[in-house]
Amino acid sequence: MKFDVLTLFPEMFEVLNQSIIGKAREKNLITINLVNIRDFSKDKHKKVDDTPYGGGAGMVMKADVVYDAYQSVQDQKAKVIYMSPQGKKLNQSKVEELAKQEHLIILCGHYEGIDQRVIDKIVDEEISIGDYVLTGGELPAMVLIDSVARYQEGVIAKESIEEESFSNRPIRISTIYKARSF
Ligand code: 4H7
């Protein structure tokens, strides 16, 4: 499975070189390609922010720059995900659904987000990792990648995933009792 991440801060994704996800990348079980949106700015100062089209407070990420970054990785079969506090809340069944995809393109927003015209044109799904505001979409993107990558063949033992479907079920009080160590 391939993840393309469009971000202004590719260095933040260093953590995905560690532990189980790092191993999975080494073994080429998953591919994580980081695309620096700033590289697509045509401005001599490498400007990436702009006032919102149609008005509004604050700044948004420039439409043409984000769109050009997207074009560099675009493929008809890919699903484009926008990490946003307004998105649909991520849960385990959504993770399982996304894990079936071959290619995910993940957009990480900053400032007040990304120019709405680009969102309307390229985004398939807007996803939130919870009801709180963060400074950027990078941490949510990492949460999504970690949760989805676990489902790829060979990343973790099959039994661990099977066991989880049980761990979500109600547990008998007597079972909890037996497990306590006092
Ligand atoms: C898109 C639009 C995701 C992305 C706006 C992203 C929380 C989540 C962002 C914004 C995110 C989540 C930019 C609006 C920073 C607020 C101060 C990035 N926050 N932000 N502003 N819950 N922030 O998944």
Side-chain angles (χ1 to χ4, degrees), residues 1-21 30 32-41 43 45-74 78-101 103-152 155 164 168:
M1 178 171 199
K2 183 177 187 190
F3 301 90
D4 283 304
V5 186
L6 311 186
T7 171
L8 287 174
F9 300 97
E11 298 83 5
M12 284 181 76
F13 291 82
E14 277 292 301
V15 291
L16 299 177
N17 289 326
Q18 313 297 316
S19 184
I20 292 171
I21 305 300
I30 55 165
I32 303 172
N33 176 41
L34 302 167
V35 177
N36 191 340
I37 295 172
R38 200 174 293 278
D39 292 345
F40 294 85
S41 174
D43 185 73
H45 304 294
K46 294 273 167 220
K47 196 170 114 91
V48 288
D49 61 343
D50 206 351
T51 51
Y53 177 77
M59 299 294 267
V60 293
M61 282 161 76
K62 259 168 100 54
D64 60 329
V65 180
V66 175
Y67 188 72
D68 290 348
Y70 160 75
Q71 286 274 294
S72 78
V73 296
Q74 193 230 11
K79 181 163 256 195
V80 182
I81 296 171
Y82 180 40
M83 307 311 302
S84 138
Q86 273 118 41
K88 185 154 182 275
K89 196 110 53 80
L90 185 67
N91 59 27
Q92 201 65 33
S93 59
K94 174 53 85 181
V95 170
E96 282 185 36
E97 184 192 312
L98 294 174
K100 295 186 182 111
Q101 298 285 326
H103 185 190
L104 295 180
I105 299 173
I106 308 175
L107 277 175
C108 304
H110 267 268
Y111 316 118
E112 290 314 310
I114 297 174
D115 190 303
Q116 191 60 42
R117 293 169 295 174
V118 192
I119 309 292
D120 296 343
K121 198 172 163 74
I122 70 175
V123 170
D124 295 309
E125 282 193 56
E126 210 165 315
I127 294 179
S128 162
I129 60 162
D131 295 331
Y132 39 82
V133 177
L134 299 164
T135 56
E138 283 75 12
L139 288 168
M142 287 183 240
V143 168
L144 185 91
I145 292 169
D146 187 288
S147 62
V148 170
R150 292 178 67 254
Y151 280 90
Q152 304 310 304
V155 174
E164 263 153 38
N168 293 333

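Atoms within each ligand, like the ligands themselves, are counted from 1 in listed order.
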Starting from the C-alpha separation in whole Å, work towards a yes-or-no answer on side chain to side chain donor-acceptor pair (under 3.5 Å) for Asp43 and Ser41. CA-CA 5 Å; Asp43 185 73; Ser41 174; 4.9 Å; no

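The nearest heavy-atom contact from the protein to atom 19 (N) of ligand 1 is Leu134 N, 2.9 Å.
The contact set between ligand 1 and Gly109, taken as ligand atoms under 4.0 Å from a residue heavy atom, comprises 18 (C). Close approach to Tyr111 involves these atoms of ligand 1, each under 4.0 Å from a residue heavy atom: 13 (C), 15 (C), 20 (N), 21 (N). Near Tyr132, meaning under 4.0 Å from any of its heavy atoms, are these atoms of ligand 1: 7 (C), 22 (N). The distance from ligand 1 to the heavy atoms of Ile129 drops below 4.0 Å at these ligand atoms: 12 (C), 22 (N), 24 (O). With ligand atoms numbered from 1 in the order given, ligand 1 contributes 18 (C) to contacts under 4.0 Å with heavy atoms of Gly137. Near Thr135, meaning under 4.0 Å from any of its heavy atoms, are these atoms of ligand 1: 15 (C). Residue Ser128 has at least one heavy-atom neighbour below 4.0 Å for each of these atoms of ligand 1: 12 (C), 22 (N), 24 (O).
Although no hydrogens or angles enter the test, the distance criterion places a donor-acceptor pair under 3.5 Å between the side chain of Lys47 and the main chain of Asp49. Judged by distance alone, with hydrogens and angles left aside, the side-chain atoms of Arg117 form no donor-acceptor pair with the main-chain N or O of Ala63 at under 3.5 Å. Remark: the backbone N or O of Val80 is paired with a side-chain donor or acceptor of Asp124 at under 3.5 angstrom.
Here's the thing with Val133: none of its N/O atoms is less than 3.5 angstrom from an N/O atom of ligand 1.
Neither the backbone nor the side chain of Ile114 has a heavy atom within less than 4.0 Å of ligand 1. Under 4.0 Å from ligand 1, the heavy atoms of Tyr82 that appear belong solely to its side chain.
Counting all heavy atoms, side chain and backbone alike, Glu125 lies closest to Leu98 at OE2-CD2, 4.2 Å.
Between His110 and Phe9, the distance from one ring center to the other falls under 6.0 angstrom.
Taking 4.0 Å as the cut-off between side-chain N and carboxylate O, Arg150 and Glu96 do not count as a salt-bridged pair. Salt-bridge check for Lys89 with Asp131: passed, with a basic side-chain N closer than 4.0 Å to an acidic carboxylate O.
Nearest-residue assignment for atom 11 (C) of ligand 1 (options Gly58, Ser84, Pro85; heavy-atom criterion): Pro85.
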